[in-house]
Amino acid sequence: MAKPFKSTRRGITGALEPGEARLLGALLDDVVTMLEPDTAPSEDPLAALVGMSGADAQATAPDDSAVRRLLPDAVRGDDDEALAFRRLTERSLREQKIGALRGSALLIESSPMTLNDDQARLLAQALNDVRLVLADRLSIESEEDAERLHDIADSKDVDDVESYLALVYNFVTWLQESLVRAMLKAARLDR
């Protein structure tokens with residue numbers, strides 16, 4: 001069983017069992033795959049000149065609801081303006097998220113982990129992205145929905161795909177909460 005993250009003099013420490021690290025690594029890789037853009041070259045010479053890919057120049061809201069959670073619209077209520085902002089910002093947001101996910105995958109390969117503040121923030125962001133995807137797949141829209149799944153805490157209770165995903169969601173949630181608590185404690189100690 002994973003050990004909760006703690007704030008120590010050396011940094012924020014925590015440990016995952018090898019199976020947990022493999023599962024979390026696979027989840028991080030899956031989210032990276034979801035976020036990787038279409039890399040078709042642009043047919044627009046101006047877009048190519050400024051370094052936009054074909055996907056950047058023709059950005060539309062993602063079809064996958066989980067990707068929409070990861071890459072939300074910057075503007076609500078005006079679809080044309082939201083699309084214009086998406087064309088300008090989606091590429092850098094995707095790259096930032098993919099970098100955080102890949103960096104986190106490297107961090108979890110060593111156990112026990114000792115994280116500095118930047119590494120802890122990176123991992124917290126990546127865990128949040130994994131939770132967003134799992135929440136979408138489990139149709140979690142509210143606290144009540146999350147509470148419904150909170151009762152699934154043991155692999156003996158798992159008898160279908162949704163229960164397994166709920167168990168994984170609960171693990172990722174616990175891990176992220178543990179990390180955030182350690183980060184908050186470290187911030188209080190630094191004052």
Side-chain angles (χ1 to χ4, degrees), residues 2 4-5 12 14-40 53-56 58-74 82 85-111 113 115-143 145-146 149-150 152 155 158 160-180 182-183:
F5 285 95
I12 295 173
L16 297 172
E17 293 293 325
E20 294 167 336
R22 281 191 303 277
L23 171 66
L24 191 53
L27 290 168
L28 294 167
D29 288 343
D30 287 347
V31 177
V32 166
T33 300
M34 292 174 69
L35 286 171
E36 287 179 329
D38 175 18
T39 56
S53 71
D56 295 330
Q58 301 167 354
T60 60
D63 293 330
D64 187 332
S65 58
V67 176
R68 280 195 304 274
R69 284 188 185 204
L70 294 168
L71 304 170
D73 285 333
F85 273 102
R86 180 170 293 282
R87 285 185 179 129
L88 294 172
T89 62
E90 183 174 300
R91 181 178 183 182
S92 63
L93 181 57
R94 280 181 189 266
E95 289 171 354
Q96 183 269 332
K97 286 185 175 286
I98 289 170
L101 291 158
R102 286 185 174 147
S104 295
L106 293 173
L107 290 173
I108 65 168
E109 286 180 359
S110 64
S111 190
M113 292 176 268
L115 309 173
N116 63 34
D117 291 343
D118 291 335
Q119 292 169 325
R121 266 191 299 281
L122 189 79
L123 182 56
Q125 290 171 354
L127 290 172
N128 190 60
D129 286 345
V130 169
R131 282 187 66 223
L132 285 172
V133 171
L134 290 169
D136 182 76
R137 299 304 188 234
L138 290 164
S139 301
I140 297 174
E141 298 293 333
S142 65
E143 286 294 320
D145 293 339
L149 300 173
H150 185 69
I152 300 173
S155 59
V158 173
D160 61 9
V161 172
E162 183 175 344
S163 296
Y164 178 75
L165 282 177
L167 188 65
V168 172
Y169 176 83
N170 290 337
F171 169 69
V172 173
T173 300
W174 172 83
L175 196 61
Q176 183 185 26
E177 288 172 352
S178 165
L179 178 57
V180 169
M183 291 168 65

Applying side chain to side chain contact (heavy atoms under 4.5 Å, CB included), run through Asp160 and Ser163 and close with a yes or a no.
CA-CA 5 Å; Asp160 61 9; Ser163 296; 2.6 Å; yes
Compare every heavy atom of Ile12 with every heavy atom of Ala120, then report the nearest pair and how far apart it is.
CB-CD1, 3.8 Å
Here the pair of heavy atoms bringing Met34 nearest to Arg94 is O-NH1, 4.1 Å
Once you round to the nearest 0.5 Å, how far does [atom1] of [X] lie from [atom2] of [Y]?
| X | Y | atom1 | atom2 | value |
| --- | --- | --- | --- | --- |
| Asn170 | Leu175 | CG | CG | 12.5 Å |
| Leu16 | Leu107 | CG | CG | 11.0 Å |
| Ser139 | Glu162 | OG | CD | 7.5 Å |
| Leu101 | Leu123 | CG | CG | 10.0 Å |

Please confirm whether the backbone N or O of Trp174 pairs with a side-chain atom of Ser178, one donor and one acceptor, at under 3.5 Å?
no
Side-chain donor-acceptor distances from residues 21-31 under 3.5 Å, at least two apart:
none

How about Arg121 and Asp117: do any of their side-chain heavy atoms sit closer than 4.5 Å?
yes
Test item: Phe5 and Met183 side chains (from C-beta on) under 4.5 Å apart, heavy atoms
no
Enumerate, atom names and distances included, each donor-acceptor pair closer than 3.5 Å involving a side-chain atom of residues 125-135, sequence neighbours excluded.
from, atom 1, to, atom 2, distance (Å)
Gln125, OE1, Gln96, NE2, 3.2
Asp129, OD1, Lys97, NZ, 2.9
Asp129, OD2, Lys97, NZ, 3.4
Arg131, NE, Thr173, OG1, 2.9
Arg131, NH1, Gln176, OE1, 2.9
Arg131, NH2, Tyr169, OH, 3.0

Sorted by chain and number, sequence neighbours left out, side-chain hydrogen bond (donor to acceptor under 3.5 Å, both in side chains) with Glu95 holds for Arg91
